[in-house]
Amino acid sequence: MSRAYADVGRTGQKRRTLDALVAAARQLVASGATPTVDEAALLAGVARSTAYRYFPGQRELLAAAHPETARTSLLPASPPEDVAERLDAVVAEFTAMIIETEAQQRTMLRLSLEPADGQQHLPLRQGRAIGWIAEALSPLQGKMDEKDIHRLVLTIRSAIGIEALVWLTDIGGLGREEAAASMRWTASALLSHALTHGLPPKA
């Protein structure tokens, strides 16, 4: 998206136009489509030439249409002190968010796997979940080596999220609730094993 264009001049009107394009793209993605800029413009009632001022291409449009991921924490307002309870709260919130926005998540997963310039700017390439999991495991600081904590965070992340949901539902045949429960159980088991037996040896 062209931030310079959106942030200069009639910013109020431009913000409404931008919001309309993003809303249209999200509606199309939720219906199972992978919308082009032209298709989003048509649904939003925005001129094609105007739409391209905000989104030069489909990739930029779909990245903007991804569900809101600017949250800095997935912990509740009064987070528990126990690390296992903290992790379960974060994983439960994360999996619920993934399932609620599954169509958009699947689209971004597909895009993230395609070889193309700018992949690092896609939401799934930005590792937001890593920060959320690290916050959940923060009570381990001082009790476990920082590098080991990071390895544990990555191990847990590999077992949850849209990638795991796709495998559990499409390949494993589980329902969404079963898949969410499986991811929560796996995350809990990985933490328990790390606390009891340590992490696997490095290669």
Side-chain angles (χ1 to χ4, degrees), residues 1-74 91 93-133 154 157-176 179-180 183:
M1 175 175 52
S2 176
R3 291 291 183 184
Y5 178 77
D7 294 338
V8 176
R10 299 161 57 192
T11 56
Q13 177 60 45
K14 289 180 177 180
R15 172 53 59 181
R16 288 190 290 273
T17 300
L18 174 62
D19 289 346
L21 288 168
V22 171
R26 285 178 174 166
Q27 180 179 337
L28 289 166
V29 170
S31 71
T34 306
T36 63
V37 177
D38 288 3
E39 291 167 339
L42 180 62
L43 182 60
V46 174
R48 292 174 60 248
S49 58
T50 299
Y52 279 101
R53 293 174 183 170
Y54 295 89
F55 301 106
Q58 183 186 44
R59 182 170 289 267
E60 291 82 3
L61 173 70
L62 293 173
H66 190 267
E68 179 56 53
T69 53
R71 294 176 62 179
T72 58
S73 176
L74 294 188
V91 174
E93 182 69 12
F94 182 53
T95 53
M97 181 172 62
I98 293 296
I99 291 173
E100 182 181 355
T101 58
E102 183 178 345
Q104 295 96 321
Q105 299 283 351
R106 282 176 177 264
T107 296
M108 294 312 300
L109 175 59
R110 178 179 60 77
L111 288 175
S112 73
L113 296 174
E114 292 178 356
D117 293 337
Q119 277 188 337
Q120 66 273 20
H121 300 303
L122 292 173
L124 280 178
R125 292 283 180 174
Q126 296 175 13
R128 292 183 175 95
I130 292 174
W132 297 330
I133 298 169
L154 295 182
R157 174 60 185 91
S158 71
I160 63 177
I162 185 59
E163 305 90 343
L165 180 68
V166 168
W167 195 94
L168 289 168
T169 56
D170 295 9
I171 307 301
L174 298 184
R176 268 58 184 174
M183 286 187 276

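Computed from a predicted model, the values in this text were never measured in an experiment.
Scanning all heavy atoms of the two residues, the minimum distance from Ala25 to Leu61 falls at CB-CD1, 3.8 Å. Listed here is the closest heavy atom pair of Ala44 and Ala20: CB-O, 3.6 Å. Smallest separation of non-hydrogen atoms from Ala164 and Ala159: CB-O, 3.5 Å. Nearest heavy-atom pair, Pro35 versus Val29, reported as atom, atom and distance to 0.1 Å: CD-CG2, 3.5 Å. The minimum heavy-atom distance between Arg157 and Ile160, with the atom names listed, is NH1-O, 2.6 Å. For the pair Ala64 and Val22, the tightest heavy-atom approach, listed with the atom from each and the gap, is O-CG1, 3.6 Å.
With rounding to the nearest 0.5 angstrom, the CG atom of Leu109 is 11.0 Å from the CD atom of Glu102. Note: Leu168 CG to Ile171 CD1 = 10.0 Å, rounded to the nearest 0.5 Å. Atom CZ in Phe55 sits 5.0 Å away from atom CG in Leu18 (nearest 0.5 Å). Taking CD1 of Ile162 as the start and CD of Gln104 as the end, the distance is 10.0 Å to the nearest 0.5 Å. Note that CG of Leu21 and CZ of Arg26 are 12.0 Å apart. Values are rounded to the nearest 0.5 Å. To the nearest 0.5 Å, the span separating CG on Leu62 from OG1 on Thr36 amounts to 9.0 Å.
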Task: Residues Lys14, Tyr54; criterion side-chain contact (heavy atoms from CB on, under 4.5 Å); working and verdict - done: CA-CA 9 Å; Lys14 289 180 177 180; Tyr54 295 89; 3.3 Å; yes
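The side-chain contact (heavy atoms from CB on, under 4.5 Å) with Leu165 is formed by just one residue from the set Arg106, Met183, Gln105; it is Met183.
Side chain of Gln58 to backbone of Thr34: a donor-acceptor contact under 3.5 angstrom is found.
Salt-bridge annotation for Glu100 and Arg176: absent, with no side-chain N of the basic residue lying under 4.0 Å from a carboxylate O of the acidic one.
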